[in-house]
> 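Sending over a structure as structure tokens; questions will come in a sec.
We number each residue from 1, following the sequence as shown.
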Amino acid sequence: MSPPRPPHDYAPPTPSNLRQSRTVSSCSTMSDNAPGPGDRAGPSTRHDAANDESNEVDESNEINETTSLLHHEVAHDGPCDHGTFSPRASSPPPRAGIFDTETGSTADSDGSVPSSETQLKGNWRKTFSSRVKSKKMTDSSTLAQQHGVTDSWAMYLSYYIPFLIWIKQYKWSWLKGDFTAAITIASMYLPMALSYADNLAHVPPINGLYAFAINPFVYALLGSCPLMVVGPEAAGSLLIGSIVKNSIDLGRGEDDNAILQAKVAGVAVGIAGATVFLMGVFRLGFLDSVLSRPFLRGFISAIGIVIFIDQLIPVLGLHHAAQASPGVTHGSTVEKLEFVLTHLADRHKLTAIVGIVGFVVIMVFREIKRRLQPRYPGVAYFPDRLIVVVLSAVLAWSLDWEGQGVAVLGKVEAASGHIFTFRNPFQLSHMTHIREAMGTSFLIGMLGFFESSVAAKSLGGEEVIEGMQLSPNRELVALGAANLFGACFMAIPAFGGYGRSKVNKSTGGKSPMSSLILSLLTVICIMFLLPWFYYLPKPVLSALIMAVAWSLVEEAPHDVSFFIRIKGWTELSLMAVILAVTVFFSLNLGIAIGIGLSLLQVIRHATRPRIQILGRIPDSDRFANAEEHPENLEFVEGCLIVKIPEPLTFANTGELKNRLRRLELYGTGNAHPALPRLRSQASNRNVIFDIHGVTSMDGSGTQVLEEIVRSYRDRGVRVFFSRPVSRQNKVWELMERSGIVELVGGRHRFVDDVGDALRMTEVEDFEETGACAAASDELS
């Protein structure tokens, strides 16, 4: 058993001797005369006010608005090849007769100055470019000129329209792989697009084909991930179906009003596309990191369960019984499951046999391909789903399944009677639908972007095409534009999917040309092959969707076991809440609660100050977080050393005063505020802020910091700042303008490390003690 520690105000048995190890004379001399480390970086404390003013005057004479970022001086004769920061010769002084402007100009060959009209004609392009270019583009232009790279608008245009990049690099040898990948994807996913539209989105089946005819084409032009293929997804289609059902429930139309359903879907997809597009324009691509992995896993698993139970009704042939039972078709997932279990005796036998056999065959083929593909990569080309669909359609035609009660897809046609009918989704006559679909459409866009982001990050690591860089903002623009165009033809929502894109990659896809070919194949199907889809059995199409739903759920056990292993109870709780609310109530409520809880976690994390109290590591001049191992550190007498390791913004400064107060009272932020004071007032005579992590501040953070410093000054506490940013940084400018520099006593209170600050506290303590002793002697 260790001996009891001596009672002390949160101090170890061996206090630091850092301050006592320096003599006053040496400290004074070094403070006044030695240049010290402060001259090397940051606002130094080794200069008096006069020196600071003179330095500022010198800097103002050397640097102005037109000073280049990198200064190059002549290092030696001959060419320089030392790399990016190689010295270069200075520009020659201007000669008489040379007319110099901000954008630069040239003299005629005879030395005369060109006329103003000639200069205007020669420089208007440069003037226009300088006005419309962003700061980042302007800096890039400067770097390009320094390195001899041609800087042109075509370079920037190619960045924002990647089609201009990959089409120049396209090789004919890639065409075979792209064509094979497009054929494979079409054979696997076109039947599923029909099923998504008919069974999930509750719109005419042709609207599912529109999503493959239009969206991949637009994404191939604007997308930044070469191998990603966009198309309809189960989650987005299900959400469209919820909007259509809600419109029917509100009395906007009937279940068989295909035109109205297509219009509602077009409005919802248009809102989703516009939302995603505007997010990209305003550079909100960072939002793909807002929602956590547990949220996405819980929500996707919930969607898988909802879809699987929904499709049990058509697979078992209970569709007519469900329509006869009020509240089942538009009820919750639990109600549908209860209906299925209580009405198994009412199933249509042939339909149930066709649906169950189709599902089993699809799952068996899927498992065989999964096991064989590592050894035999060519297995990925086997069109198992196409074979199941074609074979079932042939059997339905030859055996007259429709006459025996098995539901078939029927005549596939556009709701308006004409294919590819253009319709503006944002007409004023659609305002009622726009208001009703606004919330769910936003969720469709967000969910589609998150899923596309995961797929793009998984596929974008290999730079097959030089110069195409994955960008979340450009992905938002590409996906938004694709869905906006699709909405004009009432297509269901289409975003990037990892499974579909993985098939594209594994079957030979090399470039976005596979997406263009896929769109062309889909257009051919719409133009010439629609009559062939008549005999597709609906139970088989529902079985295809059930297989997709199974794949959405099968990854959940792995994530659950992982979070159990690391005791991630918060993540497990979030997944459970989303799953329960979605299954027992509704999909929209599950999404809303899941997003709300995720945003609360983000806000809670962002608003929590991470300030630390520092202690000295014995026998060194290094300092560490005293809350982790206080028994291994030394506390400096009369000093509170606080580290602020992050930028100060309105989000994380709300509780900064309270957290700092706890450090003053208890020496730790983990103490309950009900405890009495553990640190004496004398322990906080000097407060040293280590602000190395404060790389930026906003107005609210600056105001809170100013109030804290002012409070310390009013209480007679000396304040020092160590490791500040450079005086050219905006943080230093804010400190000067807000009066913080003046409040602490001047620039000399900003030092380069904590050790310098401690030595200054020692000097000022001695000067204060000496002044008090002298005054006492005079009085005596």
Side-chain angles (χ1 to χ4, degrees), residues 186-213 231-232 234 237-238 240-241 244 255-259 261-262 265 307 310-320 322-323 329 348 350-359 361-362 383-417 419 490-492 521-549:
S187 65
M188 294 176 62
Y189 289 97
L190 289 187
M192 294 184 65
L194 295 168
S195 188
Y196 284 155
D198 185 55
N199 294 341
L200 296 183
H202 303 291
V203 296
I206 194 173
N207 293 64
L209 296 179
Y210 286 162
F212 269 127
S237 302
L238 187 64
I240 290 294
V244 173
D255 285 336
D256 57 352
N257 192 342
I259 296 179
Q261 294 169 356
I307 292 174
D310 278 356
Q311 298 309 304
L312 284 176
I313 294 177
V315 164
L316 297 176
L318 295 173
H319 185 66
H320 295 292
Q323 288 181 337
T329 305
H348 188 269
L350 181 58
T351 300
I353 292 174
V354 172
I356 293 174
V357 170
F359 176 73
V361 171
I362 292 170
D384 54 318
R385 298 181 187 180
L386 179 63
I387 291 175
V388 171
V389 170
V390 172
L391 182 61
S392 64
V394 171
L395 292 175
W397 170 71
S398 60
L399 300 178
D400 190 23
W401 282 355
E402 184 181 12
Q404 301 180 44
V406 177
V408 296
L409 189 60
K411 187 177 181 179
V412 180
E413 60 182 357
S416 61
I419 59 175
M490 295 172 288
I492 61 177
L521 293 175
T522 308
V523 171
I524 293 175
C525 287
I526 295 174
M527 298 291 292
F528 305 107
L529 302 181
L530 289 184
W532 292 29
F533 296 147
Y534 183 94
Y535 286 101
L536 291 180
K538 285 191 175 182
V540 175
L541 296 179
S542 296
L544 288 173
I545 297 179
M546 289 178 65
V548 175

> What's the separation between atom CG in L399 and atom OG in S392, rounded to the nearest 0.5 Å?
11.5 Å
> Please name all residues satisfying ring pair (Phe, Tyr, Trp, His ring centres under 6.0 Å) with Y210, sequence neighbours left out, ordered by chain then number.
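F420.
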> Evaluate L544 against V389 for side chain to side chain contact (heavy atoms under 4.5 Å, CB included), listing each step before the verdict.
CA-CA 9 Å; L544 288 173; V389 170; 3.7 Å; yes
> How close do P232 and G208 get, counting heavy atoms only, and between which atoms?
CG-O, 4.2 Å
> Of all residues at least two apart in sequence or in a different chain, which pass the side chain to side chain donor-acceptor pair (under 3.5 Å) check with S195?
N199
> So, taking the atom named CG in L395 and the one named CH2 in W401, what distance separates them when rounded to the nearest 0.5 Å?
4.5 Å
> Minimum heavy-atom separation for V203 and Q261, please, with both atom names.
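Smallest heavy-atom distance, with atoms named: CG1-O, 3.6 Å.
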> So, do D310 and I545 sit near enough that their side-chain heavy atoms are less than 4.5 Å apart?
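SC-SC contact between D310 and I545 ruled out.
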> Kindly indicate, with the supporting measurements, whether the criterion side chain to side chain contact (heavy atoms under 4.5 Å, CB included) is fulfilled by I206 and L530.
CA-CA 9 Å; I206 194 173; L530 289 184; 3.8 Å; yes
> Please assess V315 against M546 for the test side chain to side chain contact (heavy atoms under 4.5 Å, CB included), listing each intermediate value before the final yes or no.
CA-CA 9 Å; V315 164; M546 289 178 65; 3.4 Å; yes
> With rounding to the nearest 0.5 Å, note down the distance linking CD1 in I362 to CD1 in I387.
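Reported value, rounded in 0.5 Å steps: 12.0 Å.
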> For residues V406 and H348, determine if any side-chain heavy atom of one lies less than 4.5 Å from a side-chain heavy atom of the other.
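In short, these two side chains touch, coming nearer than 4.5 Å.
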> Closest heavy-atom contact between S542 and Q311?
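Answer, listing the atom of S542 first, then Q311: OG-OE1, 3.1 Å.
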> Hey, can you pull the donor-acceptor pairs under 3.5 Å for the side chains in residues 534-541, sequence neighbours left out?
unit_1, atom_1, unit_2, atom_2, d
Y534, OH, E402, OE2, 3.4
K538, NZ, D198, OD2, 3.4

> Hey, are the side chains of L190 and T522 touching, using non-hydrogen atoms and a 4.5 Å cut-off?
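Counting from C-beta outward, L190 and T522 do come under 4.5 Å.
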> Is there a side-chain contact between L209 and V523, using heavy atoms and a 4.5 Å cut-off?
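No. Closest side-chain heavy atoms not under 4.5 Å.
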> Please report the closest heavy-atom contact between G355 and A543, naming both atoms and the distance.
O-CB, 3.7 Å
> Can you find a heavy atom in the side chain of V361 that is under 4.5 Å from one in the side chain of V357?
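A side-chain contact under 4.5 Å exists here.
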> State the CG-CG distance between N207 and L194, to the nearest 0.5 angstrom.
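That separation rounds to 10.5 Å.
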> If you look at every heavy atom in S237 and Y196, which pair is closest and at what distance?
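Closest heavy-atom pair between S237 and Y196: OG-CB, 3.6 Å.
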> How many angstroms lie between CZ in F533 and CD1 in I526, if you round to the nearest 0.5 Å?
9.0 Å
> So which atom in V412 and which in P205 form the shortest heavy-atom distance, rounded to 0.1 Å?
CG1-CB, 4.3 Å
